[in-house]
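One structure below.
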There are 2 protein chains.
Amino acid sequence: MFKKVIIAEDFEEFNLAIKQTLNDFDIVNFQHAKYCDDAFLKIRKAIQDNEPYDLLISDLSFKQDHREVKIGSGDELIEKVRELQPNIKIIAYSIEDKNVRIKSLFENSEINAFVLKGRNSIEDLKKAITLISNSDQKFISPEVASALQEKGNYEIDDVDIKILKYLSAGTSQDEIIEIFKTSDIKPNSKSAMEKRLSKLKDFFKANNTIHLVSITKDMGII
Amino acid sequence: MFKKVIIAEDFEEFNLAIKQTLNDFDIVNFQHAKYCDDAFLKIRKAIQDNEPYDLLISDLSFKQDHREVKIGSGDELIEKVRELQPNIKIIAYSIEDKNVRIKSLFENSEINAFVLKGRNSIEDLKKAITLISNSDQKFISPEVASALQEKGNYEIDDVDIKILKYLSAGTSQDEIIEIFKTSDIKPNSKSAMEKRLSKLKDFFKANNTIHLVSITKDMGII
DNA sequence: TTACGGATTACGGTTTTCCATAAAATACTG
DNA sequence: CAGTATTTTATGGAAAACCGTAATCCGTAA
């Protein structure tokens with residue numbers, strides 16, 4: 001079982017629930033941080049002190065407030081932590097239920113478990129901790145387990161995202177082309193723009209551009 | 001102080017936190033429901049039994065799952081409850097931070113308090129309960145207090161919202177007109193549609209329709 | 001009834017987007 | 001180097017959206 005745990009979570013309620021869960025496991029050596037930055041610093045300090053954490057439980061989205069932060073999301077935190085301390089076990093604990101993001105967490109950051117916040121999340125959290133503490137198995141909440149089976153990704157690149165963001169900000173296609181030309185972004189013809197949009201609409205099964213922006217907004221990719 | 005409380009909240013973690021808060025007030029007679037439908041039924045039954053609740057603490061957004069529901073959101077629940085039992089005190093307890101929705105809750109459903117879930121929500125919840133239990137004052141979490149000072153009422157009606165929703169779902173203007181004609185929604189000409197959209201774009205300062213949908217999505221109107 | 005005003009609808013021209021095809025540029029291969 | 005893909009750009013016509021103006025409908029009041 002885990003000996004030293006760090007929690008990154010901004011909401012009081014979830015912190016409370018996680019603490020109680022850890023108590024049930026007789027884990028007493030844990031700390032929590034309400035900001036990703038704090039969590040990261042603590043993890044780094046623990047390594048320096050030769051008393052590293054062996055489990056990170058992290059939320060994905062953090063509310064912005066007055067404080068300036070370097071790491072603004074759990075995704076970033078997880079990525080950095082995985083890099084800093086490859087052997088730490090990581091549980092993502094979030095309301096996020098978009099397949100793309102969940103899959104990316106498992107593939108790119110090699111998280112050990114994904115627990116979906118919801119009507120049965122505490123139970124799931126317990127299962128996840130039990131499972132990953134003594135094995136290298138992965139845990140994922142059943143409601144979103146299908147995320148991992150998703151096949152085939154055509155990769156969406158930076159330029160795609162840029163286009164979508166400009167569109168959602170009210171920029172016309174022609175204007176975007178102009179912007180791309182002046183900032184020297186490579187494919188910048190009318191045709192290229194149209195082809196890209198067509199691909200995106202195809203990929204996201206969108207009827208038209210409005211629909212496309214709407215979908216990608218919902219998915220949180222813009 | 002309140003004698004009998006009902007909680008409508010689907011997440012375990014928040015339920016736990018609310019319960020602890022009520023304990024601090026020595027309120028022991030409370031029940032919670034994970035679905036709006038259940039909460040409504042309990043409130044109605046309590047009235048019939050002549051033992052009505054005197055406080056409702058309700059979340060605004062509820063996760064959808066396999067179960068079919070009549071009341072899908074806290075907004076609806078609150079509206080119906082206010083109608084059924086005008087004297088009940090209502091606390092909306094939500095992550096929602098869009099001014100429009102908060103303002104509408106105070107104005108249309110006359111909620112007594114709005115507590116924003118976040119880094120200090122338990123404290124706010126306590127303040128809200130204390131304040132509204134013995135007076136008719138309103139409470140609102142400071143982070144969103146500005147919502148009430150917003151001026152300029154919208155003349156945006158149901159049809160506007162319908163149009164925006166259809167647009168964001170990928171329906172073309174012509175298709176929407178067809179739908180309106182078959183469902184007998186009153187202004188259903190091409191011109192009317194265009195004029196409406198033009199008004200909306202003007203009002204929201206949107207460059208084009210994509211922008212309009214994007215803005216209204218961000219504001220939580222659709 | 002008639003006259004007026006507001007709301008709705010109809011119409012026409014312009015712009016933007018959409019889509020298919022072809023030309024040009026670039027990369028890849030033997 | 002020639003020849004063949006692949007990618008990027010160009011072109012033109014169709015559809016959709018945009019925008020101003022004019023005609024029509026409809027309720028109200030003189």
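Throughout, a chain's letter reflects where its sequence line sits, starting with A, and its residues are numbered from 1. Quick caveat: nothing in here was measured; it's all calculated off a predicted structure.
One interatomic measurement links the two molecules: CE of M193(B) to P of dA16(D), which rounds to 14 Å at whole-angstrom precision. Per the geometry, NE2 belonging to H211(A) stands 17 Å off P belonging to dA16(D), to the nearest Å. One can place NZ of K199(B) at 15 Å from P of dC19(D), the figure rounded to the nearest angstrom. Atom CD1 in I210(A) sits about 12 Å away from atom C1' in dT16(C), given to the nearest Å. Between the CG atom of N207(A) and the P atom of dA15(D) there is a distance of 18 Å, given to the nearest Å. The nearest whole Å value for the distance from the CG atom in L200(B) to the C1' atom in dA17(D) is 15 Å.
How far CZ of F62(B) is from CZ of R119(A): 8.0 Å, rounded to the nearest 0.5 Å.
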Original post:
Can you give one letter per nucleotide of nucleotides 5-12 of chain C, going 5' to 3': B for a protein heavy atom under 4.0 Å from the base, S for sugar-phosphate only, - for none?
Top reply: ---BBBB-
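Remark: the Y53(B) side chain and the Q31(B) side chain contain an N/O donor-acceptor pair separated by less than 3.5 Å.
A salt bridge is defined here as a Lys NZ or Arg NE, NH1 or NH2 lying under 4.0 Å from an Asp or Glu carboxylate O, and K34(B) with D65(B) fails to meet this definition. For the pair K103(A) and E107(A), the salt-bridge criterion is met [side-chain N within less than 4.0 Å of a carboxylate O].
Within 4.0 Å (heavy atoms only), S198(B) reaches no atom of the nucleic acid at all.
Annotation: proximity of residues 164-180 of chain A to DNA chain C (heavy atom, distance under 4.0 Å) is found for S172(A), Q173(A), D174(A), numbered in ascending order.
With F14(B) as the aromatic partner, K117(B) meets the cation-pi criteria of under 6.0 angstrom to the ring centre and within 45 degrees of the ring axis.
Residues satisfying the side chain to side chain donor-acceptor pair (under 3.5 Å) test with D124(B), not counting sequence neighbours, are S141(B).
Counted within 6.0 Å of NZ on K138(A), heavy atoms from surrounding residues, nucleotides or ligands total more than 12; the atom is thus considered enclosed.
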